[in-house]
Peer 1: 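So that we are looking at the same thing, I have put the structure below in C-alpha cells.
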Amino acid sequence: MDTTSNAISRVLYLLCEHQDVQAKLRAEILEVQERCGAEIPYDEVMSIPFLDAVCRETLRLYVLKITSFPHPLTNGLAAGTHQSLRTFG
C-alpha cells in the first residue's frame, strides 16, 4: 500500500466534495504562482498556509495505517524482507 498516493487521493476527494475549500486553495496557489512564476520553488510550496491546513486536516480525518512486519526485526530488517524487496525491484 502506497501511503503517499492514498493521501493525495484523499486530498483530491475532499477537495471535490468541498468546492469552496478547493476554490480558496486554488486562489492561494495562483497568488503564489503569480509571484514566483509557473514553477513554484519547494520552499514556497511549503509556506502556503492553506495548503498545509488542507493536508493536515486530511491526515487528521483519514489516519494512514502503517502496517508492521509480521516477523520480528533482525539487524534492522524483518525476516524475509530481502526476498520481497527483490520482487519489486
Side-chain angles (χ1 to χ4, degrees):
M1 176 187 287
D2 184 349
T3 55
T4 303
S5 65
N6 285 327
I8 292 170
S9 296
R10 292 290 185 183
V11 168
L12 294 175
Y13 171 77
L14 288 172
L15 288 173
C16 288
E17 291 261 310
H18 303 277
Q19 292 188 3
D20 56 325
V21 174
Q22 182 185 42
K24 182 176 178 178
L25 179 59
R26 185 175 189 274
E28 193 172 270
I29 292 170
L30 288 174
E31 183 180 305
V32 173
Q33 193 175 33
E34 284 177 20
R35 195 175 63 239
C36 298
E39 292 189 30
I40 303 172
Y42 175 81
D43 291 336
E44 288 292 325
V45 171
M46 298 311 294
S47 67
I48 301 174
F50 197 63
L51 177 60
D52 183 56
V54 167
C55 292
R56 288 178 186 273
E57 182 65 5
T58 301
L59 292 174
R60 185 187 71 80
L61 291 171
Y62 298 98
V63 178
L64 297 174
K65 181 181 176 190
I66 306 297
T67 53
S68 59
F69 290 107
H71 306 288
L73 295 178
T74 327
N75 296 330
L77 294 174
T81 300
H82 63 282
Q83 293 173 344
S84 55
L85 287 177
R86 272 192 249 138
T87 60
F88 294 108

Peer 1: Which other residues belong to the hydrophobic cluster containing L30, where Ile, Leu, Val, Met, Phe, Trp and Tyr are joined when side-chain heavy atoms lie under 4.5 Å apart, directly or via other members?
Peer 2: none
Peer 1: So N6 and Y62, do their side chains get closer than 4.5 Å, heavy atoms only?
Peer 2: no
Peer 1: Could you pull out every donor-acceptor pair under 3.5 Å between side chains of residues 38-57 and any protein atom, sequence neighbours left out?
Peer 2:
residue	atom	partner	partner atom	Å
E44	OE1	R35	NH2	2.7
S47	OG	D43	O	3.4
S47	OG	E44	O	2.9
D52	OD1	R56	NE	3.1
D52	OD2	R56	NE	2.9
E57	OE1	R60	NE	2.9
E57	OE2	R60	NE	3.4
E57	OE2	R60	NH2	2.6

Peer 1: For A7, check side-chain contact (heavy atoms from CB on, under 4.5 Å) against everything at least two apart and list the hits.
Peer 2: L59, L64
Peer 1: When you group the ILVMFWY residues by side-chain heavy-atom contacts below 4.5 Å and let the links chain together, are L14 and I29 in the same group?
Peer 2: no
Peer 1: Which residue pairs pass the salt bridge (Lys or Arg N to Asp or Glu O under 4.0 Å) test with at least one member in residues 4-26, sequence neighbours excluded?
Peer 2: none
Peer 1: Under 4.5 Å between side-chain heavy atoms, chaining through other members, with only Ile, Leu, Val, Met, Phe, Trp and Tyr counted: pull out the rest of the cluster around L12, sorted by chain and number.
Peer 2: I8
